[in-house]
Novice: 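Quick one: structure below, then a few questions.
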Amino acid sequence: MAASDGRYPSIFVDSHAHLADAAFAGDRDDVISRARDAGAAAIVCIGESLAAAKVASAIAIDNPGFVFATAGIHPHDAAGFEAARDLPLLRALLRESVAVGECGLDYHYDNSPRAAQRQAFSAQVQLARETGKPLVVHTRDAEEDTRAIIREARTADVRGVLHCYTGSAGLAEFAIDAGWYVSFSGIITFKKWTDDALLRLIPSDRLLVESDSPYLAPVPFRGKRNEPAWVANTIIKLADARGEDAIGLGETTAANAQRLFGLAFEAA
């Protein structure tokens, strides 16, 4: 898809990119430059571990007003989470970060015991309450327990986003009712994607888009290392499914990301 295409969004925000990943170690600056050229107004750089969060923070410092870091503990790593040790470190990182996460529950892979996942997730909800930051949430095959912790977050007046969402309409509606957002990735461009009704379900003011790079490159780049510049292709598919204009949807989702994360950038 060329930038000269009249349907190509002129502005967007990549609400979830793993720029701290080693996959970008050799050309991270070029990746960020290509995102700017493609119309990105900002990138939320995910720190899904203490180590990744430190790198994400450094990337944000090097790209002020364009890259914004997060800090959290992914459910895959929850078995190693120690609140007394890790929460102070996360708290320090969050002084320069826009969200807590990526955190959540993954009962598909079960890389950590489910009880440990719930404990780490709940602790990060309370950290979000304390710091006034939103949550970036990963949920897979864990809808009942995700609902319970969204309910906990609502009681704590904490909002968040269900990132790279492929779950049920019911959980999405539950999250939206709690004041949350829902984000879609390049998965929605894949041939196996069949739930365009879900894409239409999310209200325009609760909708985000993301790359989840270096994973999940959208068609026509599927199979390659993903990067934020290609979020535009996801927006085009999302706009087609919703019967909306891609340029307008890019602007809307950018404004939503700016509002949720408190991003300080100037929309073009």
Novice: For Ile73 and Leu90: C-alpha separation, side-chain torsions, deciding distance, then whether side-chain contact (heavy atoms from CB on, under 4.5 Å) applies.
Specialist: CA-CA 9 Å; Ile73 304 295; Leu90 286 173; 3.9 Å; yes
Novice: Would Arg242 and Ser204 satisfy side-chain hydrogen bond (donor to acceptor under 3.5 Å, both in side chains), going step by step from the backbone distance to the final call?
Specialist: CA-CA 10 Å; Arg242 291 170 63 89; Ser204 293; 3.0 Å; yes
Novice: Does one side chain, of Ser183 or Glu210, offer a donor that lies under 3.5 Å from an acceptor on the other?
Specialist: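 A donor-acceptor contact under 3.5 Å links the two side chains.
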Novice: With rounding to the nearest 0.5 angstrom, report the OG to CG distance, Ser122 to Leu127.
Specialist: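 With rounding to 0.5 Å, OG (Ser122) is 11.5 Å from CG (Leu127).
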Novice: Looking just at side-chain N and O atoms, do Ser211 and Glu227 make a donor-acceptor pair shorter than 3.5 Å?
Specialist: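 No donor-acceptor contact under 3.5 Å links the two side chains.
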Novice: Do Arg28 and Asp62 have side chains that approach each other closer than 4.5 Å (heavy atoms only, starting at C-beta)?
Specialist: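 Arg28 vs Asp62: side chains apart.
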Novice: Looking only at non-hydrogen atoms, find the nearest pair between Ala99 and Lys133 and report the distance.
Specialist: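 Of all heavy-atom pairs spanning Ala99 and Lys133, the closest is CA-CB, 4.0 Å.
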Novice: Using a strict 4.0 Å threshold on nitrogen-to-oxygen distance, state whether Asp157 and Arg129 make a salt bridge.
Specialist: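 A salt bridge is absent here (no side-chain N lies under 4.0 Å from a carboxylate O).
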Novice: Are the side chains of Asn233 and Val219 in contact, using a 4.5 Å heavy-atom criterion?
Specialist: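 No, too far: nothing below the 4.5 Å cut-off.
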Novice: I'd like to check Pro9 versus Leu249 (side-chain heavy atoms, cut-off strictly below 4.5 Å). Are they in contact?
Specialist: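 No, too far: nothing below the 4.5 Å cut-off.
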Novice: I want to check something: taking the side chain as every heavy atom from C-beta on, are Asn226 and Asp212 in contact at a cut-off of under 4.5 Å?
Specialist: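 Contact flag for Asn226/Asp212 side chains = no.
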Novice: Measuring from atom CZ of Phe68 to atom OG of Ser15, what distance do you get when rounded to the nearest 0.5 angstrom?
Specialist: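 So the CZ of Phe68 and the OG of Ser15 are separated by 13.0 Å.
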Novice: Nearest heavy-atom pair of Pro75 and Gly104: which atoms, and what distance?
Specialist: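 Pro75 and Gly104 have their closest heavy atoms at CB-O, 3.3 Å.
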Novice: For the side chain to side chain donor-acceptor pair (under 3.5 Å) test, which of His18, His138, His76 pairs with Glu48?
Specialist: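 So the option named by the test is His18.
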Novice: Looking at side-chain heavy atoms only, is the closest gap between Tyr165 and Leu171 below 4.5 Å?
Specialist: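 With C-beta onward as the side chain, the pair touches.
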Novice: Please tell me if the side chains of Val136 and Val44 come closer than 4.5 Å, counting only heavy atoms from C-beta onward.
Specialist: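 No. Closest side-chain heavy atoms not under 4.5 Å.
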Novice: Evaluate the side-chain contact (heavy atoms from CB on, under 4.5 Å) criterion for residues Leu198 and Trp193: first the C-alpha distance (whole Å), next the side-chain angles of each, then the deciding distance (0.1 Å), finally the verdict.
Specialist: CA-CA 11 Å; Leu198 179 64; Trp193 176 263; 4.1 Å; yes
Novice: Taking atom CD as the centre, does Glu96 end up with more than 12 heavy-atom neighbours from other residues, nucleotides or ligands that are less than 6.0 angstrom away?
Specialist: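 No, not enclosed.
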Novice: Please assess Leu19 against Ile43 for the test side-chain contact (heavy atoms from CB on, under 4.5 Å), listing each intermediate value before the final yes or no.
Specialist: CA-CA 9 Å; Leu19 290 178; Ile43 301 169; 3.9 Å; yes
Novice: Quick one about Glu102 and Thr70 (side-chain donor to acceptor, distance below 3.5 Å, no hydrogens or angles considered), yes or no?
Specialist: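 The answer is no; no qualifying pair exists.
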Novice: Hydrogens and angles aside, do Arg95 and Thr131 bring a side-chain donor and acceptor to less than 3.5 Å of each other?
Specialist: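 No, Thr131 and Arg95 have no side-chain donor paired with an acceptor closer than 3.5 Å.
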Novice: So does Asp29 pair up with Arg34, basic N to acidic O under 4.0 Å?
Specialist: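 Not counted as a salt bridge, because no side-chain N and carboxylate O are separated by less than 4.0 Å.
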Novice: Are any non-hydrogen side-chain atoms of Phe174 and Glu143 less than 4.5 angstrom apart?
Specialist: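 No, their side chains stay 4.5 Å or more apart.
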Novice: Can you tell me if Asp177 and Trp180 form a side-chain donor-acceptor pair at under 3.5 Å?
Specialist: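 Trp180 and Asp177 do not have a side-chain donor-acceptor pair below 3.5 Å.
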Novice: Please check if any side-chain donor atom of Asp21 sits under 3.5 Å from a side-chain acceptor atom of Tyr215, or the reverse.
Specialist: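 A pair is found: one side chain offers a donor N or O, the other an acceptor, under 3.5 Å apart.
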Novice: Compare all side-chain heavy atoms of Leu87 with those of Phe81 and state whether any distance is below 4.5 angstrom.
Specialist: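 Side chain of Leu87 against side chain of Phe81, heavy atoms only: contact under 4.5 Å found.
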Novice: Search all heavy atoms of Pro228 against all heavy atoms of Ser213 and return the closest pair with its distance.
Specialist: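 Distance-wise, the nearest heavy atoms are CD-OG, 3.7 Å.
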Novice: Please report the closest heavy-atom contact between Ser185 and Cys164, naming both atoms and the distance.
Specialist: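 Nearest heavy atoms, Ser185 then Cys164: OG-SG, 3.2 Å.
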Novice: Check the hydrophobic clustering (I, L, V, M, F, W, Y; side-chain heavy atoms under 4.5 Å; chains of links allowed) and say if Phe12 and Phe221 are grouped together.
Specialist: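 No; tracing contacts between hydrophobic side chains, which count when under 4.5 Å, never links both residues.
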Novice: Let's go through Val100 and Gln126 carefully: what are the C-alpha distance in whole Å and the side-chain angles of both, what is the deciding distance for side-chain contact (heavy atoms from CB on, under 4.5 Å) to 0.1 Å, and is it a yes or a no?
Specialist: CA-CA 10 Å; Val100 178; Gln126 295 309 310; over 6 Å; no
Novice: Please confirm whether Arg114 makes a cation-pi placement over Tyr107, using NZ or CZ under 6.0 Å from the six-membered ring centre and within 45° of the ring normal.
Specialist: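 Geometry flag: set, cation within 6.0 Å and 45°.
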Novice: For Glu152, I'd like to know if atom CD has over 12 heavy atoms of other residues, nucleotides or ligands within 6.0 Å.
Specialist: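 Yes - once you tally the heavy atoms of other residues, nucleotides and ligands closer than 6.0 Å, there are more than 12.
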